[in-house]
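Contents: one structure, followed by commentary.
Being a predicted model, the structure only gives us computed values, none of them experimental.
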Amino acid sequence: MVYPDGGEFMRFDKLDLNLLVAFDVLIEECSVSAAARRLNMSQSATSGALARLREFFQDSLLVQVGRVMVPTEVGLELAGRVREVLTLIRATITTPIAFDPSTIKRNFQIAVSDYVYDVALAEAIKEIQNIAPDLTFDLCTPNQYNSDRFQRGEIDIFITIEEHTHVDHPGRPLFQDQLKVIAWDQEPAENGELTFDEFLRRPHVDVTFGQGRAPSFSERFISEAQLALKTELRVESFNAVAMSVIGTRRMALLNGLHAKRFSRLLPLLVYPLPMSAPPIREVIQWHSMRRGDTGLQWLKEQIFARSQAIVQRED
């Protein structure tokens, strides 16, 4: 069997180790066709891999129930073990030991919101690539799907608010922010200062990330404070919030550093929140099995130091 990278399989105690990668994806997707797309293999080759896995483990592993496939008890029991093994291999064997920023060619995957990217990470990455020109980055949203990928060691760095961190993995506070209120500069607060009553009367834009994404800090704050806001529009990204108040009487809650940044680029006014709210704490995390990854540890420290400097300058 030849795999997408062109390499032949290797065996360990009569098990083709490449089949473990196929097994991990098959169990997650519960679909041969979906697994084939992720593995960059043909559907027939993926079906063949499943057949060989079934033969080796003497179990169906995945069975058809109606229109869907579901794991067997053996499949579920093996899933955790296989993912642990693959995570360990990614963390300790396939990662380069030596790391010279000026010469290393490596790709890092980072889960980060558009908010953190805009206010800190975009500039930090530019600075990092000045001293490590051959580093590349793939960015993705910190949703549930990518949270699971992080748990498996497939994502190098996960940046999220403190409430959504992974308790089994190390992390470090990145920076802190406060909620602000934004409005179009042609529709300012009535007396130049936003009151609580006007905040409730004005129509609002809310950011909500839909299924598979934990609620934003502002979304959760509105719910916990039991604020009866007149929400006219809901959007699915922080960047869309700013454009959604321009030309209207709407207001919106936005993280302060983001609000300040948008107010320099767009016709927006920024007001203090007319009530108390807890701080927003962003945390940078890395996988517990990646402590020995010198490249990842270097990158984490670079992001931390540069983001701190950028935020302090903007604050």
inquiry  = Tell me if the CD atom of Gln64 is crowded by more than 12 foreign heavy atoms within 6.0 Å.
reply    =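 Counting neighbours around CD of Gln64, more than 12 heavy atoms of other residues, nucleotides or ligands fall under 6.0 Å, so yes.
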inquiry  = Surrounding CD of Glu193 (heavy atoms of other residues, nucleotides or ligands, distance under 6.0 Å), is the total greater than 12?
reply    =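 Counting neighbours around CD of Glu193, 12 or fewer heavy atoms of other residues, nucleotides or ligands fall under 6.0 Å, so no.
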Taking [Y]'s backbone N and O only, do any of them form a donor-acceptor pair with [X]'s side chain (distance below 3.5 Å, no angle check)?
| X | Y | value |
| --- | --- | --- |
| Lys180 | Leu273 | no |
| Gln186 | Gly247 | no |
| Asp293 | Leu296 | yes |
| Asp156 | Ile110 | no |
| Gln58 | Glu55 | yes |
| Glu232 | Val205 | no |
| Asp177 | Leu257 | yes |
| Ser307 | Phe304 | no |

task = Evaluate the ring planes of His258 and Phe238, with Trp represented by its six-membered ring, and classify them as parallel (under 30°), tilted (30 to 60°) or perpendicular (over 60°).
result =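 Taking Phe238 first and then His258, their aromatic rings stand perpendicular (interplane angle over 60°).
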ask   = Which heavy atom of Trp286 sits nearest a heavy atom of Phe150, and at what distance?
value =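 Smallest heavy-atom distance, with atoms named: C-CZ, 3.5 Å.
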Charged N-O contact under 4.0 Å between Glu28 and Arg38 =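 Yes, charged N to carboxylate O under 4.0 Å.
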query = With a 4.0 Å cut-off, would you call Glu163 and Arg220 a salt bridge?
reply =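 A salt bridge is present here (some side-chain N lies under 4.0 Å from a carboxylate O).
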task = Flag the pair Pro203 / Thr248 as yes when at least one side-chain heavy-atom distance between them is below 4.5 Å, and no otherwise.
result =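 They are not in side-chain contact.
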query = Taking C-beta and beyond as the side chain, do Leu135 and Phe108 meet within less than 4.5 Å on heavy atoms?
reply =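 Yes, their side chains come closer than 4.5 Å.
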query = What is the distance from atom CG of Leu253 to atom CG of Leu179, rounded to the nearest 0.5 Å?
reply =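 Answer rounded to 0.5 Å: 5.5 Å.
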message = Return the CD1 to NE2 distance between Ile159 and His164, rounded to the nearest 0.5 Å.
response =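 Interatomic distance, Ile159 CD1 to His164 NE2, rounded to 0.5 Å: 15.5 Å.
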Distance-only polar pair, side chains of [X] and [Y], donor-acceptor under 3.5 Å:
| X | Y | answer |
| --- | --- | --- |
| Asn143 | Thr141 | no |
| Thr72 | Asp59 | yes |
| Arg172 | Gln285 | no |
| Asp148 | Gln144 | yes |

request  = Output all residues satisfying side-chain contact (heavy atoms from CB on, under 4.5 Å) with Glu77, sequence neighbours left out; order by chain, then residue number.
outcome  =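 So Glu77 forms a side-chain contact (heavy atoms from CB on, under 4.5 Å) with Arg81.
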request  = Apply side-chain contact (heavy atoms from CB on, under 4.5 Å) to Gln151 and list each qualifying residue two or more places apart in sequence or on a separate chain.
outcome  =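 Scan of Gln151 (side-chain contact (heavy atoms from CB on, under 4.5 Å), adjacent residues dropped) gives His166, His169.
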ask   = What side chain to side chain donor-acceptor pair (under 3.5 Å) pairs are there with at least one residue in residues 259-279, not counting sequence neighbours?
value =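 Passing the test, one end in residues 259-279: Arg264-Glu314.
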inquiry  = Could you go through Asp206 and Thr208, starting from their C-alpha distance and side-chain angles, then the distance that decides it, and tell me whether this counts as side chain to side chain donor-acceptor pair (under 3.5 Å)?
reply    = CA-CA 6 Å; Asp206 189 13; Thr208 177; 5.8 Å; no
message = Quick check: Phe199 with His204 (ring centres under 6.0 Å apart)?
response =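 Between Phe199 and His204, which both carry aromatic rings, the centre distance is below 6.0 Å.
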